[in-house]
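The analysis underlying the following values was restricted to heavy atoms, covering all of them including side chains, and did not include hydrogens, waters or symmetry mates. Because the structure is a prediction, the values reported are computed rather than measured. Throughout, numbering of the chain's residues begins at 1 and tracks the sequence.
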Amino acid sequence: MVELLWEGKYDSGGHRKAPLKVALPFQTVETVNESAQQRQHALDLFAASRDSEWRNRLIWGDKKYVLPALLNEFAGRINLIYIDPPFATGQDFSLPVRIIDDEFVKPPSVIEVKAYRDTWAKGLDSYLAWFHDMATYFRELLAETGSLFVHLDPGVSHYVKTVLDSIFGMENFRNEIVWKRKAGRGETNAPAIRFGVTADVILFYAKGSSTRLRRQYRESNVDYIASKFVHQGPDGRRYRLDNITSPSFRQNLVYEYKGHLPPPKGWAVSRERMEAMDAEGRLFIPDDPNRRIQRKRYLDELEGETVDSLWDDIPPINSQAVERVGYPTQKPESLLQRIIESSTDPGDLVLDCVCGSGTTAVVAEKLGRRWIASDLGRFAIHTTRKRLLRIENVTPFEVQNLGKYERQLWQEAEFGKDAGPRTAAYRKLILDLYHATPVEGYVWLQGVKAGAMVHVGSVDAPVTMSDVTNVIAETRKVAGSSIKTTKTPAIDVLGWDFAFEVHEVASQKAAEANIALRFVRIPREVLDKRAVEQGDVAFFELAALAVDVKVKRRIVSLMLTDFVIPVDDVPDDVQRTIKKWSEWIDYWAVDWDNKGDAFHNEWQAFRSRNREKLEVQTSNEYPAPGTYRVVVKVIDILGNDTTKSLDIEVM
C-alpha cells in the first residue's frame, strides 16, 4: 500500500511515533438535571460497591488527553463517532454573545487559539499528525459494529482519507458523502479561478465487515409523485402500478390466479400471499386475462426516496433558525439525525470529541442514544449544556474534566518527579507569570506583588477555607519584616480551583482582620508552553455574588441581588452596554442539598434567543427539617463560573 508521509511521522531512529497513551481519570464537577431520588439511588449503589447507572458525559478538555482517558472504560464499546474537526487554516473561534437587545463578539480563548495553531503549526504535516493520532484512538474506541463519520472541507478530505485507509483499511471505507449546503454562493468578487464551493465532504468508515447501515429515506420528488401516482381508488387513495413478477424462475411461484396465467418466471409472491394482497385491495386484476396482474403501491405508504451519497436536501443553519446558537461552524440537527439514525439503534453510544455547539449530543439525546461529548473550549461546554437543558425531560448528565490529574501530569513532565524541587519550580513559574517577586521563609506565602502578599495554590487540590486561614495568619507576621507591603495588609490568593464556601466566608474573615483579600484564578493557559513563551497568560479575579435568602418553615427562597465581575477582560464597548448587574449573568443553577461532592444542578435558569430576560429568584420545599448546604453557581456572559455556598436551617 502507498504510504502517506509527513514531517514528524517517524523519530530520528526511524520508528513510528505513537500517540500519547496516558489514561488520566475524569473528575465529575457537575451533575445536571438529577432528581433527589436519582441522586440518593446513585449514592446507595456507590455505598453497596455496585456499578452506578449510566450518565451521559459532557467533558471539558483537550482531546489528546480525553481520548486516551476514555480507552480504559470504552475501548470497543462506542457505536458511532462523528467529528467535525477544524479544517480551514483561518479558523475563527470568535462567538457572538447576546446582552439583552445587543450583541458583541466574544474573542476566542488563548487555549482554543493555541490548540488550533498547534494543529496547523507545520501546515498540512502537523494537521495529518494530529488527525492520525485521533483516528488511532477512534478505531480502538469503536465497537466491532461501529461507524465513523468525519466531516471535512474538500481541500483536505483526500489527505484524511489516505490516513483513514491506513488505520481502518481500504476495505472498510464505505462512502464519500457530499453534503450540499444550499446557502453556498459562487465567488463573484474575485477573478474566476474556480467554481464556487457549496459542499462539504463526510467520510464514512466501518470498523469492520460486521458494521451495518440502517437505510434512510428522503422526501420523494414532487415531479416523480405527479408522474407515477396517477391512479386513485374509491377511497381517494392515490397509487401507482408495479409489476409482481419474479426476477428468477421458481417452480412454486408458477401458478394461475383468477384466470391469469403466470409470467414465464412465475409470480413474485406465493399463492397465499397473492390471496392476502387481493383481500387487502393491493392488486390490480384486469378483466382481460391476457393482461398481467399488477401490484398497487399506495402514495400514503411511500417511505420516500432512498438516501444516497449526495445529500442536497438538508439546508444549513439560517439566521432565523430556532436551533441557531451563533456558532459559525454549527451544523443542522437534521444532518446529525440522518447520521445517527443510519448507524445506531436506541441505547447505542455516540461520541463527538469536538462538539462545538453540541449538535451531536442534542440529537443523540432526542433520539434516545447515549452520548459522550467533549471540547477544549469552556464556552462550547456551556453552550452545549444550555442546549441540552432546553430538551424536555432531558436525562441526567455529568460535566467532567481531567482537572488536577492533567495538571499533575503537566507538573511532573515540566519539573520532574522529585516532589520538593518540582513544587518549588512550579511556584516560581506561577509567580513569574503573575509578575510577583518570590519571598523566602514562609510556609503559606510565596511572593509579593504591588505590596500584596501572594499565595500559590497547589495543582492537585482546590483552595480551601483552611488554606486561607493559614495565609491570613502568616500575613500578620509579615509586619516588621523587610518585605515592602501596603499599609493595609493585602493578599492575593491564586488557585486553579476554589472550594464552594471560600469566597464569601474568607472575605468576611479577612475584612474582620482588616486585610484586603483577592481570589485570582490560575488560567488553564499556563499548561500550554507556547502560551507561556509568547506571554499570552492572563490572570483574572473571581467574581462576587450576593444572594438573599428567606426561609418559611421548609420552603427556602433565593434571590440574586448583586453580581460584581472584574472587567479587566471585558471590552469597553461591552461594559458600556451593561446597564444592570444581572445582565452580566447568562445562567445560574442551584444545588439544594450539596453533600461536599460534585455540584448537583437541581434547578437552573438561563438566557436564550427567545428568553433574554433572566429569572433571578427561585424556591425549594425540603422534605424534612434540618440543616442543608445550598450551593449557587453563576456563569457569566463570557463563560466563567462563580459559586456561593449557604448553610440554611429549615424547621
Side-chain angles (χ1 to χ4, degrees), residues 18-26 51-59 61 63-85 131-152 160-161 163-177 202-216 307 335-355 358-375 395 397-398 400:
L20 179 72
K21 282 292 182 74
V22 178
L24 302 176
F26 292 106
D51 291 339
S52 58
E53 295 177 348
W54 170 259
R55 288 284 185 269
N56 293 320
R57 303 185 183 187
L58 181 57
I59 303 169
K63 68 189 74 60
K64 73 179 179 182
Y65 296 121
V66 169
L67 290 174
L70 289 171
L71 285 175
N72 278 347
E73 187 176 353
F74 296 105
R77 294 181 57 192
I78 293 177
N79 304 100
L80 165 65
I81 297 175
Y82 168 84
I83 181 173
D84 178 18
F131 188 84
H132 184 279
D133 287 353
M134 278 205 309
T136 301
Y137 296 132
F138 293 161
R139 193 177 189 285
E140 292 184 60
L141 287 165
L142 279 175
E144 290 305 310
T145 58
S147 303
L148 170 68
F149 288 78
V150 183
H151 195 134
L152 297 160
V160 170
K161 183 181 182 303
V163 172
L164 291 172
D165 282 345
S166 70
I167 294 173
F168 283 79
M170 292 178 63
E171 68 280 6
N172 289 317
F173 168 68
R174 293 293 176 86
N175 280 109
E176 180 182 79
I177 298 164
I202 303 173
L203 299 179
F204 166 33
Y205 277 78
K207 172 70 176 286
S209 59
S210 57
T211 298
R212 294 290 178 266
L213 193 68
R214 287 78 175 157
R215 193 176 302 281
Q216 300 295 297
V307 171
L335 180 72
L336 269 299
Q337 180 177 344
R338 178 169 292 173
I339 291 172
I340 292 173
E341 288 186 332
S342 70
S343 52
T344 64
D345 293 320
D348 281 354
L349 182 56
V350 178
L351 168 67
D352 183 349
C353 63
V354 192
C355 71
T359 302
T360 302
V362 167
V363 176
E365 175 70 28
K366 291 179 178 179
L367 295 177
R369 273 63 168 177
R370 296 176 298 142
W371 53 266
I372 300 171
S374 74
D375 202 281
T395 56
F397 62 93
E398 295 177 345
Q400 298 182 318

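Of the candidates R214, R369, R212, R370, R214 is the only one forming a salt bridge (charged side-chain N to carboxylate O under 4.0 Å, His left out) with D345. Here the options are L148, L67, T360, the test is side-chain contact (heavy atoms from CB on, under 4.5 Å), and the partner is L351; only L67 passes. Partner of F149 under the side-chain contact (heavy atoms from CB on, under 4.5 Å) criterion, chosen from D84, I340, I177: I177. Paired with V350 under the rule side-chain contact (heavy atoms from CB on, under 4.5 Å), one option of L336, L80, N79 passes, and it is L80.
Between F168 and Y205, the angle of the ring planes lies from 30° to 60°, which puts this pair in the tilted group.
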Residue pair L142, T211: steps toward the side-chain contact (heavy atoms from CB on, under 4.5 Å) verdict: CA-CA 11 Å; L142 279 175; T211 298; over 6 Å; no

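Residues meeting the ring-ring contact (aromatic ring centres under 6.0 Å, His included) test with F138, sequence neighbours left out: none.
The minimum heavy-atom distance between S342 and L213, with the atom names listed, is O-CD1, 3.3 Å. Taking each heavy atom of S210 and E144 in turn, the nearest pair found is OG-O, 3.0 Å. Across all non-hydrogen atoms, the minimal contact from N56 to E365 is ND2-OE1, 3.3 Å. Between C355 and D375, the closest heavy-atom pair is N-OD2, 3.3 Å.
Heavy atoms of other residues, nucleotides or ligands lying less than 6.0 angstrom from NZ of K64 number 12 at most.
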